[in-house]
Amino acid sequence: MMYVQYFLVGFVGNSLNRNMFASLVCMLRGVSGEVRKWRPAGADRGFTFLRHNLTLSYHRTNLLVRYGRWSASPDGGPLESLGYKQGYRVDVDIPDQTWAAATSFHGVLIFNTGHWWWAPSKFDPIQSPMVFFEKGMPIIPPLLPPEGLDLALKHVVTFVNKAIRPNGIKFFRTQSPRHFEGGDWNEGGSCQREQPLSSEEVKEFYSVDNNSTNTEVCLVNQHLMKALEQSTFRVLNVTHMSEFRADAHPSTTGGKKHDDCMHWCLPGPTDTWNDLLAANLAATERARLKKLKPSREFP
């Protein structure tokens, strides 16, 4: 019998983790039609598969930590004295409320973050920069987004380690690669390929030396691996296997005004991500049962 904690699975992160969540829901609906919509606290969406008493939920969070609009105070302050007038306040030590309670509910958690930290179209470094706070106070001198990401990941790892339920299993999924060609999403970039990339094309596509629109995948993973070095998180490394699939994005069929070369079609690579997750959980269960098996050796 599978360990009960495996029946409460939560995906925490941006829309790429929603993509993975949707993939798993579709796969499970193929074998279990008795499904009820049910969302635990903070979740954006969730389902319970009644026959197996299995609950899956998705907790939407762009940065993993709390953020919101910030405007300069007329009374002045440390940021105001440096010329900051407006931006986004990012509290690196406060988990986003959409998932803070998920650690005590779910037995299995899959986290991700990344794209929003390298999104000048969302956090314009001049007009609406990220301004980082810790313990309620602005961090001076101000941090750049990569430094802010390091600090946020540090606090997230610490929080989850303390708050997760006993014997809970926590994963961090590596960055999902994008396949824009000819510019970024807001610069007319597209993804019209009908075949996967070759190994040589992958090297060219993601070369940091080329400074292409897709190199964020390497940058985010560097920060992620640094944060997880001494942690007990398990890493779901989906990056390299997905880099080949330039042919697997919605492109112009996604219903957006621009080509969607970031999210994935279903069925598609996210199904393989879930296969990897299932293999990890199965290996964990085998190891647990092996520990419970009584030894036949005499003392």
Side-chain angles (χ1 to χ4, degrees), residues 9-20 58-67 88-104 106 108-120 122-123 129-139 141-165 168-178 206 208 214-243 262 273 276-277 280 284:
V9 180
F11 292 84
V12 178
N14 58 31
S15 57
L16 273 302
N17 248 17
R18 184 187 66 207
N19 214 168
M20 186 178 179
Y58 164 63
H59 298 257
R60 180 179 179 178
T61 171
N62 296 325
L63 303 179
L64 292 180
V65 293
R66 188 175 72 182
Y67 79 97
Y88 284 90
R89 170 174 171 162
V90 181
D91 288 276
V92 295
D93 54 341
I94 302 178
D96 197 336
Q97 64 178 2
T98 60
W99 69 268
T103 51
S104 59
H106 293 291
V108 178
L109 286 163
I110 304 96
F111 291 85
N112 97 293
T113 194
H115 291 296
W116 283 68
W117 291 89
W118 266 264
K122 303 180 188 300
F123 302 110
M130 290 176 162
V131 286
F132 296 97
F133 282 65
E134 189 175 31
K135 297 180 180 178
M137 298 297 294
I139 298 174
L143 303 179
L144 294 174
E147 299 167 314
L149 173 59
D150 286 338
L151 200 50
L153 286 172
K154 175 187 173 182
H155 283 293
V156 166
V157 167
T158 300
F159 174 82
V160 174
N161 284 340
K162 290 181 178 178
I164 197 166
R165 58 189 293 178
I169 302 172
K170 49 194 184 293
F171 294 91
F172 223 112
R173 179 180 59 72
T174 60
Q175 186 73 341
S176 173
R178 310 187 308 162
Y206 297 102
V208 177
N214 306 297
T215 53
E216 71 166 33
V217 66
C218 304
L219 301 172
V220 171
N221 281 347
Q222 288 171 6
H223 291 271
L224 180 58
M225 294 306 177
K226 175 184 174 182
L228 299 179
E229 267 182 351
Q230 304 299 323
S231 81
T232 54
F233 272 79
R234 305 175 189 201
V235 176
L236 279 180
N237 196 336
V238 304
T239 302
H240 188 53
M241 70 170 75
S242 307
E243 286 176 340
M262 181 169 69
W273 300 0
L276 183 61
L277 172 63
N280 271 271
T284 300

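Nothing here was measured: the structure is a model prediction, and the numbers come from that model. We number each residue from 1, following the sequence as shown.
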Could you walk me through whether D96 and L63 satisfy the side chain to side chain contact (heavy atoms under 4.5 Å, CB included) test, starting with their C-alpha distance in whole Å, then the side-chain angles of each, then the deciding distance to 0.1 Å, before giving a yes or no? CA-CA 8 Å; D96 197 336; L63 303 179; over 6 Å; no
What side-chain donor-acceptor pairs closer than 3.5 Å can you find for residues 144-156, not counting sequence neighbours?
unit_1: E147; atom_1: OE1; unit_2: L144; atom_2: N; d: 2.9
unit_1: D150; atom_1: OD1; unit_2: H223; atom_2: ND1; d: 2.6
unit_1: D150; atom_1: OD2; unit_2: H223; atom_2: ND1; d: 3.4
unit_1: H155; atom_1: NE2; unit_2: E134; atom_2: OE2; d: 2.7

Sequence neighbours left out, what passes side chain to side chain contact (heavy atoms under 4.5 Å, CB included) with [X]? Give chain and number order.
{"X": "T174", "value": "N221, L224, M225, V235, N237, V238, T239"}
{"X": "T232", "value": "N161, K170"}
{"X": "N280", "value": "F171, L236, L276"}

I94 and V65: side chain to side chain contact (heavy atoms under 4.5 Å, CB included), yes or no, with the steps? CA-CA 6 Å; I94 302 178; V65 293; 5.9 Å; no
Under the rule for ring pair (Phe, Tyr, Trp, His ring centres under 6.0 Å), what residues qualify as partners of [X], not counting sequence neighbours?
{"X": "Y67", "result": "F123"}
{"X": "W117", "result": "none"}
{"X": "F159", "result": "W99"}

Does any N or O in the side chain of T61 come within less than 3.5 Å of the main-chain N or O of V12, such that one atom is a donor and the other an acceptor?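 Flag not set: sc T61 to bb V12 has no pair under 3.5 Å.
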Hey, does the side chain of T98 reach the backbone of R60 with a donor-acceptor pair shorter than 3.5 angstrom?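 Answer holds: yes.
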Which residues share a salt bridge (Lys or Arg N to Asp or Glu O under 4.0 Å) with R66, sequence neighbours left out: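 For R66, the residues satisfying salt bridge (Lys or Arg N to Asp or Glu O under 4.0 Å) (neighbours in sequence not counted) are D91.
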Write out all pairs satisfying salt bridge (charged side-chain N to carboxylate O under 4.0 Å, His left out) with one or both partners inside residues 229-239, taking only residues at least two apart or from two chains.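 Listed by first then second residue: nothing to list.
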Are [X] and [Y] packed together at the side-chain level, in the sense that at least one heavy-atom pair is separated by less than 4.5 angstrom?
{"X": "M20", "Y": "F11", "value": "yes"}
{"X": "Y206", "Y": "P177", "value": "yes"}
{"X": "F133", "Y": "D93", "value": "no"}
{"X": "I169", "Y": "L109", "value": "no"}
{"X": "W118", "Y": "V217", "value": "no"}

Testing the basics here: between [X] and [Y], what is the closest heavy-atom pair and its distance to 0.1 Å?
{"X": "G114", "Y": "V220", "value": "CA-CG1, 3.8 Å"}
{"X": "L64", "Y": "F172", "value": "CD1-CZ, 3.7 Å"}
{"X": "I110", "Y": "N17", "value": "O-ND2, 2.9 Å"}

Q175: what forms a side chain to side chain donor-acceptor pair (under 3.5 Å) with it, not counting sequence neighbours?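 With sequence neighbours excluded, Q175 shows a side chain to side chain donor-acceptor pair (under 3.5 Å) to H115, E216, given in chain and number order.
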Euclidean distance, W116 CH2 relative to N14 CG, rounded to 0.5 Å: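 Taking CG in N14 and CH2 in W116, the distance rounds to 8.5 Å.
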Drop me the distance from M262's CE to S15's OG, to the nearest 0.5 angstrom.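 One gets 4.5 Å once the value is rounded to the nearest 0.5 Å.
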W273 and S176: side-chain donor and acceptor closer than 3.5 Å?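 Distance-only check fails for W273 and S176.
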Once the angle between the rings of H106 and H59 is folded into 0 to 90°, is it parallel (under 30°), tilted (30 to 60°) or perpendicular (over 60°)?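 Rings of H106 and H59: perpendicular, over 60°.
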Please assess F111 against R173 for the test side chain to side chain contact (heavy atoms under 4.5 Å, CB included), listing each intermediate value before the final yes or no. CA-CA 6 Å; F111 291 85; R173 179 180 59 72; over 6 Å; no
